[in-house]
Amino acid sequence: DTGVSQNPRHKITKRGQNVTFRCDPISEHNRLYWYRQTLGQGPEFLTYFQNEAQLEKSRLLSDRFSAERPKGSFSTLEIQRTEQGDSAMYLCASSFLGGYTFGSGTRLTVV
Amino acid sequence: AQSVTQLDSQVPVFEEAPVELRCNYSSSVSVYLFWYVQYPNQGLQLLLKYLSGSTLVESINGFEAEFNKSQTSFHLRKPSVHISDTAEYFCAVSEVNTNAGKSTFGDGTTLTVKP
């Protein structure tokens with residue numbers, strides 16, 4: 001068990017560019033979650049998958065955000081036409097029976 | 001919709017003193033409750049969880065939390081803190097009808113233990 005792995009650890013991008021993050025969950029976990037965290041706040045829910053099915057997506061998430069989990073294994077989160085307000089830590093977590101195992105996160109800076 | 005309020009954003013205490021980090025939640029259905037800890041420069045880790053059964057749950061490093069349904073609270077306590085407990089602590093809630101799916105987090109409490 002190598003834990004939840006996220007890549008890249010850091011991403012700096014220019015406003016208007018597209019970015020993609022990857023998450024590799026714990027292999028036995030059927031659920032995978034994406035959260036966003038900004039300074040001084042708790043993680044904010046973005047979306048989650050059970051196996052390959054995307055079960056819920058936050059209404060706060062604009063159409064510029066999309067996530068996939070092909071074959072129920074790793075997941076990708078894509079942000080199109082990035083804006084400065086997208087700068088945050090993007091967290092991935094996986095779970096099986098309640099309680100998350102988090103990855104170390106991807107810190108996105110939009111300049 | 002569920003929500004979580006962590007009543008104290010910062011809690012400074014001296015080493016070996018007791019501490020309580022307060023968490024209140026709001027939900028129209030039954031819930032599961034969690035505490036997560038984030039040590040400096042590390043990721044979030046699950047500290048303890050309440051899913052069912054005994055309302056008092058314990059972690060391996062001496063923390064405990066008690067689910068109080070009537071007061072909709074899940075406060076975290078430790079009778080004697082160490083310098084190494086310095087970290088940010090997050091309370092989270094999931095609704096039972098989602099089978100512990102999406103969790104809603106509070107904004108965190110920074111615990112600073114001073115020598």
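Quick caveat: nothing in here was measured; it's all calculated off a predicted structure. Reminder, nothing fancy here: chain letters follow the sequence lines and each chain counts from 1.
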ILVMFWY network linking [X] to [Y], side-chain heavy atoms under 4.5 angstrom:
X       : Y      : value
L111(B) : F34(B) : no
L51(B)  : V93(B) : no
L7(B)   : L76(B) : no

Practice task
Go through the atoms of Q38(B) and report whether side chain, backbone, both or neither lie under 4.5 Å from a heavy atom of chain A.
Solution key: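 When you check distances to chain A, only side chain atoms of Q38(B) fall under 4.5 Å.
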Take a 6.0 Å sphere around [atom1] of [X] and say whether it holds more than 12 heavy atoms from other residues, nucleotides or ligands.
X      : atom1 : answer
R15(A) : CZ    : no
K57(A) : NZ    : yes
I12(A) : CD1   : no

Measure the [atom1]-[atom2] distance between [X] and [Y] for me, rounded to the nearest 0.5 Å.
X       : Y      : atom1 : atom2 : answer
K102(B) : F45(A) : NZ    : CZ    : 5.5 Å
S103(B) : Y35(A) : OG    : OH    : 4.5 Å
Q37(A)  : L44(B) : CD    : CG    : 6.0 Å

Problem - Side chain Y100(A), main chain Q45(B), donor-acceptor under 3.5 Å - result: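 No, because the side chain of Y100(A) does not come within donor-acceptor range (under 3.5 Å) of the backbone of Q45(B).
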Handout entry: L46(B) versus G99(A), closest heavy-atom pair with distance
Key =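 Looking at all heavy atoms of both residues, the shortest contact is CD2-CA, 3.9 Å.
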Practice task
Would you please indicate yes or no on a ring centroid separation below 6.0 angstrom for Y36(B) and F102(A)?
Solution key: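 Aromatic pair counts; centres sit under 6.0 Å.
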Exercise for the section: Could you tell me which portion of L91(A) (side chain, backbone, both or neither) has an atom closer than 4.5 angstrom to a non-hydrogen atom of chain B? Expected result: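 For L91(A), the side chain is the part near chain B, not the backbone.
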